[in-house]
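Worksheet for the structure shown next.
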Amino acid sequence: MLLSPSSVPVHISASALHVAPASDPPYKLLESHPSLLLLSKCKSIHGLRQIHSHIVKTGLHNTLFALSKLIEFCATSPFGDLPYALLLFESIPEPNVFIWNTIIRGHSLSSDPILAVDFYVRMLLCGTQPNSYTFPFVLKSCAKAGATREGKQIHAHVLKLGLWCDAFVHTSLINMYAQNGELDDARLVFDKSAFRDAVSFTALITGYASRGYMDAARLLFDKIPVRDVVSWNAMIAGYAQCFRFEEALTFFEEMRKMNVQPNESTMLTVLSACAQSGSVELGNWVHSWIEDHYELGSNLRLVNALIDMYSKCGDLETARRLFDGIHQRDVISWNVIIGGYTHMSCYKEALALFRLMLGSDTEPNDVTLLGVLPACAHLGVLDLGKWIHAYIDKNFENMTNSSLSTSLIDMYAKCGNIEAAEQVFDGLNPKSLASWNAMISGLAMHGHADKAIRLFTQMVDAGLKPDDITFVGLLSACTHAGRLELGRQYFSSMIHDFNISPKLEHYGCMIDLLGRAGMFDEAEALMKNMEMEPDGAIWGSLLGACRVHGRVELGEYVAEHLFELEPENPGAYVLLSNIYAGAGRWDDVARVRTRLKDKGMKKVPGCTSIEVDSVVHEFLVGGKLHPLSKDIYEMLEEIDKLLEMAGFVPDTSEVLYDMDEEWKEGALSHHSEKLAIAFGLISTKPGATIRIVKNLRVCGNCHSATKLISKIFNREIIARDRNRFHHFKNGSCSCKDYW
DNA sequence: CTAGGGTTAG
């Protein structure tokens with residue numbers, strides 16, 4: 001039964017549940033009773049209990065009318081409590097039709113609408129005949145629960161009782177069939193009847209629209225004798241749901257031409273369409289329309305939709321201004337603005353707003369955390385991520401939200417704690433495809449190719465069908481471990497055994513693998529064979545391979561392609577200059593440098609962050625802005641001294657193009673990752689793991705230095721660079737110098 | 001006491 005012990009109110013005395021007498025006092029007298037007036041204004045379950053005890057005290061609970069009103073409030077008010085309603089309901093030996101209807105209605109509104117059908121059956125078994133009000137409620141439940149079989153049986157009851165000529169029952173039937181995808185049956189009910197009002201038309205239209213049959217919907221729409229605002233809204237929403245935003249917005253224009261006043265629903269749908277299609281001009285127009293027709297700020301739903309629209313269109317300033325102007329924000333306001341910042345890669349702002357939310361009286365929900373966890377993952381803020389994990393365990397215990405678990409796996413992997421990611425994954429049952437994918441990709445970026453492959457085998461054995469994303473993870477695992485043969489095998493298996501056509505990312509992994517193995521001819525052949533044009537990432541990985549293998553001429557050729565494809569990307573120039581530097585061709589280094597300067601481009605400065613005691617510290621290359629700068633640079637000197645004593649010779653071949661020769665060595669020792677590591681060494685306990693996140697790839701010199709540092713200071717150093725993770729421990733790195 | 005349309009995440 002629905003009643004759980006915890007939901008039973010303790011203060012209900014036996015007398016409160018006494019059977020009501022057969023005859024009530026006159027209704028007029030009851031309707032104006034103070035307790036029942038209070039009930040209509042009640043806004044919480046606590047208030048309800050007070051009113052209930054008042055009703056008991058005044059003896060009013062002995063009237064069926066008062067009981068009905070109490071049940072109605074508990075079952076249907078958003079501030080109600082369905083279990084409480086059921087408790088009252090079960091105390092009545094012979095409920096009347098109204099009370100049965102109310103209980104059925106309550107379940108139709110609940111998260112478990114199919115239970116309404118159970119009560120409908122009980123009602124029949126008790127010998128109570130349903131009336132014209134019963135069917136809209138129970139049919140709505142069948143629509144919500146997808147219960148077509150039950151709906152058909154109830155349809156038979158409608159016919160038997162002669163209620164098909166009731167407009168409400170009729171529309172409910174159409175809607176039940178339409179929502180359950182039984183469009184032929186919906187059509188049959190519609191065609192057989194004499195009802196040709198906008199309401200029945202719209203019920204049918206929505207059915208067609210939700211299955212993507214917009215042409216059929218359109219034909220029906222044109223036949224409506226008098227189209228009302230809901231009919232228009234249904235068409236606009238239908239097009240929007242099929243991603244046919246232009247047509248949706250055309251219908252909106254048309255509607256205004258026909259002088260049909262849009263309402264709040266119209267504006268919400270139109271704003272959503274603007275948001276998804278990036279139509280910020282129309283969005284602006286809607287904004288002013290809303291300002292003219294509503295007291296802005298009085299309608300939170302519209303303001304939230306506006307914030308979402310501006311966020312998705314990239315105008316975060318306007319979005320933020322609207323957000324700041326809200327007096328009473330709800331959880332959606334937050335979610336929308338946080339999502340906006342995350343969407344625009346403003347992760348720090350997203351987290352700042354999340355912290356603001358935690359300090360407010362708005363509780364985060366699962367959607368909030370789904371917006372915040374990727375921000376944690378991008379920034380590598382493990383402590384906040386752990387906090388959110390604990391928050392989820394505490395507050396979402398009973399909620400099986402597999403996407404939250406997948407986000408946790410992804411967050412832990414990207415924050416460098418692959419063991420924690422595995423723990424979440426192992427505890428997950430059932431495991432969704434997305435969670436397998438997240439785990440495989442996570443292992444891949446940590447260089448654990450064997451584990452990733454084992455997982456892939458397990459997943460196939462478990463009967464799951466891998467998708468294109470699975471193979472991106474699997475192939476990148478091969479790439480990060482330099483497993484060329486295995487990569488080839490899986491690439492071929494993906495195509496032939498799993499019928500997945502390779503996408504740009506899959507080719508990218510293969511070309512990267514081949515390039516690093518020095519197999520440039522085969523890489524080129526694969527590139528020529530692709531169904532699509534190679535992107536900057538592919539040319540970039542090839543350029544990286546040219547640097548590793550000292551292929552100057554090929555590098556020049558590849559770089560030209562990259563310059564053409566991504567003229568604003570300074571990375572290609574830097575790589576080419578490094579190739580020249582590796583070959584000792586300093587004149588060419590200077591030439592590339594000049595070309596870069598002439599274009600007004602600057603190398604993206606290296607930036608490394610480290611989280612200590614939940615505070616994120618950021619270091620720029622050569623930076624001196626940190627409050628502990630003096631101590632950090634003293635530590636750097638110490639590190640360099642110890643490195644030298646250990647026989648470390650700085651490798652200056654990957655020269656910074658804008659430094660003069662004598663500065664090279666000094667500049668290398670001030671690379672941002674080294675600053676962060678020095679800070680980590682002085683600000684954490686001896687032996688503690690140091691985790692850092694860098695925005696660019698680690699340079700060869702820092703890589704060698706960090707290996708030694710891990711040995712000299714006996715520290716595990718986990719570094720995330722632009723490409724993957726490096727676990728430095730006892731003088732060596734998990735990437736086995738292959739990256 | 002009743003029927004048809006809508007926002008946030010993925």
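Just so you know, these numbers use all the heavy atoms, side chains as well, and skip hydrogens, waters and symmetry mates.
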Q.
Between A:Ser110 (side chain only) and A:Asp112 (backbone N and O only), is there a donor and an acceptor less than 3.5 Å apart?
A. yes
Q.
Please enumerate all residues that pass ring pair (Phe, Tyr, Trp, His ring centres under 6.0 Å) together with A:Tyr412, with sequence neighbours excluded.
A. A:His389
Q) Tell me the ring pair (Phe, Tyr, Trp, His ring centres under 6.0 Å) pairs involving residues 339-371 of chain A, sequence neighbours left out? A) A:Tyr347-A:His378
Q | salt bridge (Lys or Arg N to Asp or Glu O under 4.0 Å) contacts in which one or both residues fall within residues 199-222 of chain A, not counting sequence neighbours | A | A:Arg218-A:Asp222
Q) Contact class for A:Asn101 (heavy atom, under 4.0 Å): base, sugar-phosphate, or nothing? A) base
(Q) Categorize A:Ser132 for me: base, sugar-phosphate, or nothing, with a 4.0 angstrom heavy-atom threshold over every strand shown. (A) base
Q: Under 4.0 Å between any heavy atoms, over every strand shown, what does A:Asn365 touch: base, sugar-phosphate, or nothing? Just pick one.
A: nothing
Q: Indicate, with a heavy-atom threshold strictly under 4.0 Å, whether A:Gln241 touches base, sugar-phosphate, or nothing.
A: sugar-phosphate
(Q) Of all nucleotides in DNA chain B that come within under 4.0 Å of a heavy atom of chain A, which is furthest toward the 5' end and which toward the 3' end? (A) B:dC1 to B:dG10
Q) Is there a donor-acceptor contact under 3.5 Å linking the side chains of A:Glu72 and A:Ser68? A) no
Q | Residue list, ring pair (Phe, Tyr, Trp, His ring centres under 6.0 Å) with A:Phe425, at least two apart or on another chain | A | A:Trp436
Q) Where along residues 200-212 of chain A does a heavy atom come under 4.0 Å from DNA chain B, residue by residue in number order? A) A:Thr202, A:Thr206
Q) In residues 151-174 of chain A, which ones come under 4.0 Å of DNA chain B, going by heavy atoms? A) A:Ala167, A:Phe168, A:Thr171, A:Ser172
Q: Could I get the full list of side chain to side chain contact (heavy atoms under 4.5 Å, CB included) partners for A:Cys126, not counting sequence neighbours?
A: A:Trp100, A:Thr128
Q) Given that both pair distances must be under 3.5 Å and the pair must be Watson-Crick or G-U, what runs of three or more consecutive pairs involve DNA chain B? A) none
Q. Considering only heavy atoms from C-beta outward, does the side chain of A:Val424 approach that of A:Thr406 to under 4.5 Å?
A. no
Q. Angle class for the A:Phe243/A:Phe245 ring planes (parallel below 30°, perpendicular above 60°, tilted otherwise)?
A. perpendicular
Q: With sequence neighbours left out, write down each residue that passes side chain to side chain contact (heavy atoms under 4.5 Å, CB included) with A:Glu363, or none if nothing qualifies.
A: A:Tyr391
Q. Reckon A:Ala198 touches a base, only the sugar-phosphate, or nothing at all at heavy-atom distances under 4.0 Å?
A. base
Q: To the nearest 0.5 Å, tell me how far A:Asn335 CG sits from A:Thr368 OG1.
A: 3.5 Å
(Q) Which residues in residues 229-238 of chain A have a heavy atom closer than 4.0 Å to any atom of DNA chain B? (A) A:Val230, A:Ser231, A:Asn233, A:Ala237
Q) Base, sugar-phosphate, or nothing for A:Val199, non-hydrogen atoms under 4.0 angstrom? A) base
Q) How far does CE of A:Met176 sit from CG of A:Leu139, to the nearest 0.5 angstrom? A) 5.5 Å
Expected list for residues 232-241 of chain A: side-chain donor-acceptor pairs under 3.5 angstrom, two or more places apart:
from     : atom 1 : to       : atom 2 : distance (Å)
A:Asn233 : OD1    : A:Thr266 : OG1    : 2.7
A:Asn233 : ND2    : A:Asn263 : OD1    : 3.2
A:Asn233 : ND2    : A:Thr266 : OG1    : 3.4

Q. Contact class for A:Thr269 (heavy atom, under 4.0 Å): base, sugar-phosphate, or nothing?
A. sugar-phosphate
Q: Rounded to the nearest 0.5 Å, what's the gap from CG on A:Asp393 to CD1 on A:Ile388? Could you check?
A: 12.5 Å
Q. With a 3.5 Å cut-off and no angle check, do the side chains of A:Asp308 and A:Ser311 form a donor-acceptor pair?
A. no
Q | Carboxylate-amine/guanidinium contact A:Lys414 A:Asp410, below 4.0 Å | A | yes
